[in-house]
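Residue numbers start from 1 in every chain, and the chains themselves are labelled A, B, ... in the order their sequence lines are given, proteins ahead of strands. Bear in mind that the values here come from a model prediction, so they are computed numbers and not experimental data.
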Amino acid sequence: MTNSMNNLELVKKVVTEAVPVLKIEEVDKQQLAFEIDKRDVHHVLTVLKTSGWKQLSYMSAVDWIDENKFELVYLVFNWEVPVYVQVRAKIDRVNPEMDSILPIFPGVKYYEREAHEFFGIAFPGNPDYHKQLILEEWDDIPPLRKDFDPEAYSDRKFPKREYPADFSVVDPKNKSIEKRKERKARANALRTGGKEQ
Amino acid sequence: MIINVLVGIGIAFFAFVLQTSVAGLNRKIVGRLQKRIGPRWYQEFIDIFKLLSKRSVSHGWIFDFGVIMALGGIIGTAMFMPITSNIVAFQDYDNFFIFVYLLAVGMLGMAMSASGSGNPWASIGVMRALTTMLAYEVPFLIVVLTIINLSGTSSMTGIQIFQQTAGNNWFILALPLGGIVGFIALMGMLGKKPFETYIAPAEIASGPMVEYGGKQLGMLFILHEISVWIEVTLFVHLFLGGATNIFEFLIKYFAVYTLANLISNVNGRFKIDQVVTFFYKWPLLMAVTQAVIAIYFGWVI
Amino acid sequence: MLSTKFTPATKLSKAEIDRKWWEIGDFFRRNSLWLLMYCTGCCAIELPPAMTSAYDMERLGMGPMATPRQADILLVSGYLSLKTLRRLIYTYEQMSEPRYVVALGSCPINGGIYHDSHAVINQLDQYIPVDVYVAGCMPNTEAVMNGFVDLMDQIKHKTANGWKKYHANFEWYKENQRNSLGEVDVHDEFHE
């Protein structure tokens, strides 16, 4: 297994023999993506783990708001064959739910908590998935959904600074020296509390 | 008696002023070593007075009382220390073992106070300080007992006069291995870099000092300066022939402290287990060899 | 009025004596500022040159400290997410008074490039009082050093009163903290 093409063929063989694959995408020379049904995820991850892809590098979700779907992405890695394998599965956007893969990869515990926090996906089978991890005391819809407006949230939640004085130089020829003097006087007053230096 | 106590307090005050100035000068020297300008020489005084001018919080009476007890213990220890072979507050009470006992009062007070703060880093720091103490005391005491055996007295003044009368035969020349062991143990006592495990600002957030701020930290700094003075002065008196006048003492003191500081600044930090294995390996071996050579064979220069 | 042999010494009132002591304390405080570096933002990269031989912070008597209890300045370097703001408030309330806050970069001033983020606050002085802002994204090291010298000037002229403001407007600051953070103390599996 020295050739990278052979490696990709090997991965394709392993996965297509195990489950029906909807779509195969070659991301690059070392990365392959398989789109499968959500019911086959556990089976294909078990097969991959037994054939050497025993490290779960990452797990996250993508929000396809036009299709009204969430896409879960599991990224596994093999230390002998240098190929990353992405396993993608789409789930419904309304009441999203996906059985946890905790029995296969115990390290997924915190990725699932993160996905629940940022996308609101439920993971039955993971006892802690509903606990707060990164966002503390969150009080809105999950923030990485596409229908969440971060700017509106920021405006509502965090006070903004208002600028009473306009320091922008409109006419650079005449005004800049005066503006600079004004700025310096103001800075000096702030520094010394209005007294003479 | 009152005169003696006043002289003792004067010695403690002298210790504080001297060590604080020398520490400030050493910060300047280290700054120059690192191609910096460095702080003013009286920066350490400013730091201490600033800390005393700040407001501070308390963590219960053990926390407050422990600091005062430690400071009192250290000032009490400094009062017994002779500066030169003539200047000594309490004649005939400057035995080496007095310092061993009284230094423990300061350390104990600090340990009590730090544990009273309830911070886990403080407990870890105290534990490491005691472990380091256990490590350096053994080789150091073997060398000191050799010196006491050779000079026939355990009085600090007596040891100084013994070295001076024999034609300035300093023990660091007479017992070269023992001198090296003494200096390494001094580095451990001062908490200088290879043995800085119990302060370790980046690792355990300055260890025992973690919960101190304001006035308590200021008192702790004074305590630290005086205890450094006691330890360096012990080395000067035991190994460098003491001093006949105060200028000689100042020169020897400055040289010893600066050397320790310079060595400290080109070293990394040991882990606590490395400190213990280090002290129980080479310094202990050298100390025992020196004792055997000096006492049983009598090969003393 | 100076007292001489011929004029009787004027008796100073209690307030005047306190003020004199405070001025003496101010001299020590402004010449020995110890930093607690809260380096979560990218402006922290400006601190190594400020500390080492390029600008040598120590010649002003400044230096890094390990814990909030020992430090005088809380140095906020860069953006603050909600999660770090909570820890920052813990830290600020642990410091012993007088305490000062220096904020680096444009993020603590108005949010900077994170002004529309759901996780990053926009204005630090709504939550804790800030004595000196150093603007810039990121400020260069001269500006950082200038900020420290400004703080010394403020202490000299008795205008570095952030910690007094925090006491006077404690309810207002707590209100703002609660509005943005929900609750300032966190209770979850990692904090018990």
Between Q126(C), R86(C), K156(C), which shows the greatest number of heavy-atom pairs under 4.5 Å with chain A?
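Top count of heavy-atom pairs under 4.5 Å with chain A: R86(C).
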
Closest non-hydrogen atom pair, K83(C) against E136(A):
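Scanning both residues completely, I find the closest heavy atoms to be CE-OE2, 3.5 Å.
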
With a 4.5 angstrom heavy-atom cut-off, is it the side chain or the backbone of L151(C) that approaches chain A, or both, or neither?
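No part of it gets close to chain A.
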
What part of S180(C) gets within 4.5 angstrom of chain A, counting heavy atoms only: side chain, backbone, both, or neither?
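Both backbone and side chain.
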
Here's a test for you: under side chain to side chain contact (heavy atoms under 4.5 Å, CB included), which of V120(C), L82(C), N179(C), N176(C) qualifies with F158(A)?
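It is L82(C), the one option of V120(C), L82(C), N179(C), N176(C) that forms the side chain to side chain contact (heavy atoms under 4.5 Å, CB included) with F158(A).
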
Exam field: side chain K157(A) to backbone A119(C), donor-acceptor pair closer than 3.5 Å
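No, the answer is negative, given that no donor and acceptor are paired below the 3.5 Å cut-off.
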
Please answer whether the main-chain N or O of H118(C) pairs with a side-chain N or O of S154(A) as donor and acceptor at a distance below 3.5 Å.
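Checking the backbone N and O of H118(C) against the side chain of S154(A), no donor-acceptor pair under 3.5 Å is found.
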
Pick one of side chain, backbone, both or neither for K131(A), based on which atoms fall under 4.5 Å of a heavy atom in chain C.
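Only the side chain of K131(A) comes within 4.5 Å of chain C.
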
With a cut-off of 6.0 Å (strictly less than), are more than 12 heavy atoms of other residues, nucleotides or ligands near [atom1] of [X]?
{"X": "N95(A)", "atom1": "CG", "value": "no"}
{"X": "W172(C)", "atom1": "CH2", "value": "yes"}
{"X": "I45(C)", "atom1": "CD1", "value": "no"}
{"X": "K13(A)", "atom1": "NZ", "value": "no"}
{"X": "W22(C)", "atom1": "CH2", "value": "yes"}
{"X": "E67(A)", "atom1": "CD", "value": "yes"}
{"X": "R156(A)", "atom1": "CZ", "value": "yes"}

I'd like to check N122(C) versus P159(A) (side-chain heavy atoms, cut-off strictly below 4.5 Å). Are they in contact?
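No; the side chains remain at least 4.5 Å from each other.
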
How long is the span from the OG atom in S106(C) to the CZ atom in R161(A), to the nearest 0.5 Å?
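So the OG of S106(C) and the CZ of R161(A) are separated by 11.0 Å.
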
